Amino acid sequence: MNVLVTGGNGFIGSHTCVELIEAGYDIIVVDNFSNSELENIANIEKITSKKICFYPIDMLDYNGLDRIFKENSISAVIHFAGLKAVGESVKKPLEYYENNITGTINVCKAMRENGCKCMVFSSSATVYGTSSKVPFVETLPTFATNPYGFTKVMIERILNDLCMADPDWSVMLLRYFNPIGAHESGMIGEKPKGIPNNLLPYISQVALGVLPYVSVYGDNYDTHDGTGVRDYIHVTDLAVGHIKAMEYLFSHKGSEAVNLGTGKGTSVLEIIQAYEKACGKTIPYKVEARRQGDVAVCYADTKKAKELLGWETKRGIEQMCRDSWRFTQKK
Ligand code: UD1
């Protein structure tokens, strides 16, 4: 069975490709390589010993997308392709809305045109906005605080409307918490371009000696040690969640939103300590002002994922840090 993976060369996409192949699916990758290295495809091939069919096409190129469907019989789409940097989205809203929203509409139109109506969408816990009602449950209202977040909120809406208009569609909106870690082989992982914005890639660069220290954004939150608490999830657990979601869609129509998280919160200082243990080095840090837009605590209610998909995470913080460090050293 052929599965089209948009953005399959990216961080979460590449891990999902590995899990799909290992579960026996044939994959086709489409990616414009704007935020990832071509070598990921080669590394997925090395890990799985399978040749990958890939198309270097942009989501804004409708005809290119249509051609992929005409050339292959595709049963389902896992849609990752999109821009994802919060700060950049504030500076370039038009690019974010055009790329993420028009890109998704193009994918859906090409799917409809070619009779494929099954999609797993890469959403985010960012759709819970500034809610302080932890754990975040899927029934909370959705909102965002920046253009990137609004693209996720709007795409969820578009896909829900599509399912209402045409009952043949099956859509899963997967709301990720904080994906970190890397494949246990150390061959694929997160390789941000420039100075990282997210905590784990930043810590890994400090551990490597490339950056001098970690800025801890605030130690006066209402949490056990004052630093921000997040639900960090191993990218391999997350990838497996996509397969479970897709398989659920094979026998269910309509749309569902499901959280993918561990249900456990970890603070910034606890993550730094876990990384120190993984790499055997001291990680210098300085406490600085809170970062605008950050919430104190964010973790998932995981009940729906367990009940609907029969999925739960298997890997803890130690493994996440160990796998991240293995990948970081190999780069
Ligand atoms: C961020 C985005 C979120 C996006 C997600 C993708 C913001 C406000 N949110 O989530 O929309 O879906 O990335 O992975 O940007 N921290 C530090 N020092 C750092 C970096 C982060 O102390 O150098 C702290 C933050 O204050 C936070 C925690 O670490 O408490 C995690 O931050 P980060 O990795 O950026 O993820 P989120 O902010 O949760």
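Keep in mind it's a predicted model, so treat the numbers as computed, not measured. Counting starts at 1 for both ligands and their atoms, following the listed order.
One finds a salt bridge joining K117 and D166 here, because a Lys/Arg side-chain nitrogen approaches an Asp/Glu carboxylate oxygen to under 4.0 Å. Checked for salt-bridge contact, E184 and R322 miss the test: no charged N lies under 4.0 Å from a carboxylate O. Under the 4.0 Å criterion applied to side-chain N and carboxylate O atoms, E113 and K109 are not assigned as salt-bridge partners. Salt bridge annotation for K303-E307: present, with a cationic side-chain nitrogen under 4.0 angstrom from a carboxylate oxygen.
Checking side-chain atoms of E270 against main-chain N and O of S267 turns up a donor-acceptor pair under 3.5 Å. Judged purely by atom type and a 3.5 angstrom limit, D231 uses its side chain to pair as donor or acceptor with the backbone of A300.
Protein residues with any heavy atom under 4.0 Å from ligand 1: V86, S124, T126, Y148, N178, N197, N198, L199, S215, V216, Y217, G228, R230, Y232, V268, R291, D294.
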